[in-house]
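Note sheet for the following structure.
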Protein chains: 2
Amino acid sequence: MRNALTASLEDYLEAIFQIIEEKQAVRAKDIARRLGVSNPSVTGALRSLAEKELVAYAPYDVISLTPRGKAAARDVVRRHEVLRDFFVNVLAVEESAADEAACRMEHSIPKVILERFIRFAEFVEVCPRGGEKWIRDFGARCGQGATREDCERCIESVLEEVRHRKRRESRKAFPTAKLNELKPGQKGKVLKVNFHEGGGRKISEMGVSPGAVVEIERVSPMGEPIDIKVKGYHLSLRREEAEEVEIETL
Amino acid sequence: MRNALTASLEDYLEAIFQIIEEKQAVRAKDIARRLGVSNPSVTGALRSLAEKELVAYAPYDVISLTPRGKAAARDVVRRHEVLRDFFVNVLAVEESAADEAACRMEHSIPKVILERFIRFAEFVEVCPRGGEKWIRDFGARCGQGATREDCERCIESVLEEVRHRKRRESRKAFPTAKLNELKPGQKGKVLKVNFHEGGGRKISEMGVSPGAVVEIERVSPMGEPIDIKVKGYHLSLRREEAEEVEIETL
DNA sequence: TTATATTTTTAGTCATACCTAACATTTGGG
DNA sequence: CCCAAATGTTAGGTATGACTAAAAATATAA
Ligand SMILES: [Mn+2]
Ligand SMILES: [Mn+2]
Ligand SMILES: [Mn+2]
Ligand SMILES: [Mn+2]
């Protein structure tokens, strides 16, 4: 049975993955400290993971993730991040509490529901009835329970915005941009992906497809690569690729 | 350490609680069948729970929950239901998948986040920017990702409603009712709780306090008791109590 | 290079949570 | 009332995942 990792082993994988990202080498000691377990526990876990061919490991040898192990680790990290982001951005939970909860719940959330969390957060952002202000409104009053008057007051402003945008759009078709023209922190919705003749990676398959919400995380000084987040995944695109993605800014 | 039940023991408590609700007697066999474990596993779990004074149990004796055990079980059930309802009502997840996921995640969700799930679902219902139609809109398109046009089309209808309601309210102060006047299925927001002189239970302490969203679940043929759901808890009120709760219908 | 310090592994325990097979008790039919 | 069927418990085993103490390997400093 290659599948069905235990919560414990998933946490070891996650820790190894993150330590690799931070430093070059992974030492059993680091894993132990990060997870708050003893050194012998780490040895035991490494043996389990090696047996499942998720880490390359032999006694006293260096520790590294196999391709399959890396994929599994990335999956854990994604579940962790999706949950944490939902708790922080939608439910207005305090960061550290959200992170802790995410790391416990990441092991029991099924795929269907994880994807719904992502879609819901996107829906809130995209829909003019929801949007950032609405969420902030929830965050601000989640201690008391919002009154209807509070909510009705702000809905008028949303209507104003929608009317403004409609007027603007009737003049100037669409507030369109290429993905490479956005700045870090900006979000947008994918309108179209032009397939380049020079056979690049199929970025559509990685989640950058019409309707998806993308967020620019980092743009390297040279303008390339462009780190983005889409559907809970972190991706790194070449400029050539980003140029082929048409975006409606949010 | 009386605290910190394992996921497994929580599931046993939950099962015992539910079997008690369904039938009179609890038999080890029923627990085993419901949880899909062998009979000896049930015996072992019962011993653990008896040691923790959560079930009253001796070999070959009848099984029952102690007051503390009942409270713990109810807490598990509540976590289960809050999660399931959020998945179904907000994230538009298919019922059985939602239920299964809820029963796995119920063991790792912290209190803060559970309460936020409840508050958020209430916020969506109460806020005219959100509301049932909005959620249904998400449910309908969560397969594809909503387009902005879709969303803008429906926001106009919400505005209409808000304007209508405002006009109505300017004439007739508030669409107020007493809790006991609502029908099963109806939801409302608590405006005020009049404390009765005849020292009844403090229903405010059980969650029926201003700002809370209540849903009528069942009204007995005699008009009493009235089963309601509030903040994820199920409560049963006497008519006398319900009469003291002023409601704004939703 | 040798001695010491650090890191890692092994060995042995413990607790949880399952299982099967065998034994014990309770219950209901004749 | 007695005996079989149903139900429940004990005994004994496996697997996971943690721990401490002690040994082994590796790294560092003199
Ligand atoms: Mn995690
Ligand atoms: Mn974790
Ligand atoms: Mn459960
Ligand atoms: Mn459950």
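Since the model is a prediction, treat every value here as computed from it, not as a measurement. We name chains A, B, ... by the order of the sequence lines, and we start the count at 1 in each one. Hydrogens, waters and symmetry mates play no part in the numbers below; they use all other heavy atoms, side chains included.
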Take atom NZ in B:Lys229; do more than 12 heavy atoms of anything else shown fall under 6.0 Å from it? yes
Could you tell me the separation between the CG atom of A:Asp11 and the P atom of D:dT16, rounded to a whole number of Å? 17 Å
Separation of D:dA15 C1' from A:Glu51 CD (nearest whole Å): 12 Å
Plane angle bin for B:Phe117 and A:Phe117 - parallel if under 30°, tilted between 30 and 60°, otherwise perpendicular: tilted
Considering just the side-chain nitrogens and oxygens of A:Ser48, establish if one lies under 4.0 Å of OP1 or OP2 belonging to D:dT16. no
Can you tell me if A:Glu217 uses its side chain to pair, donor with acceptor, with the backbone of A:Asp227 under 3.5 Å? no
With a 4.0 Å cut-off on heavy atoms, is B:Ser41 in touch with a base, just the backbone sugar-phosphate, or nothing at all? base
Would you say A:Tyr12 reaches D:dT16's phosphate, i.e. side-chain N/O to OP1/OP2 under 4.0 Å? no
Do you know which of B:His107, B:Glu14, B:Glu10, B:Arg104 makes side chain to side chain donor-acceptor pair (under 3.5 Å) with B:His80? B:Glu14
Rounding to a whole Å, what distance do you find between B:Lys52:NZ and C:dA15:C1'? 10 Å
Regarding A:Thr6, tell me which of base, sugar-phosphate or nothing describes its non-hydrogen contacts under 4.0 Å with the strands shown. sugar-phosphate
From CG of B:Leu49 over to C1' of C:dT16, roughly how many Å is that when rounded to an integer? 13 Å
Going by the rule side-chain contact (heavy atoms from CB on, under 4.5 Å), which residues pair with A:Glu122 if we only count those two or more places apart in sequence or in a different chain? A:Ile118, A:Val213, A:Lys231
Whole-Å gap separating C1' (D:dG17) and CD (A:Glu10): 15 Å
If the sugar-phosphate is the primed atoms plus P, OP1 and OP2 and the base is the rest, what is the B/S/- string for nucleotides 3-12 of chain D, using protein heavy atoms under 4.0 Å? ----SBBB--
Of all the heavy-atom pairs spanning B:Ile63 and B:Ala28, show the shortest one and how long it is. CD1-N, 3.9 Å
What is the separation between atom CG on A:Leu9 and atom C1' on D:dA18, rounded to the nearest whole Å? 13 Å
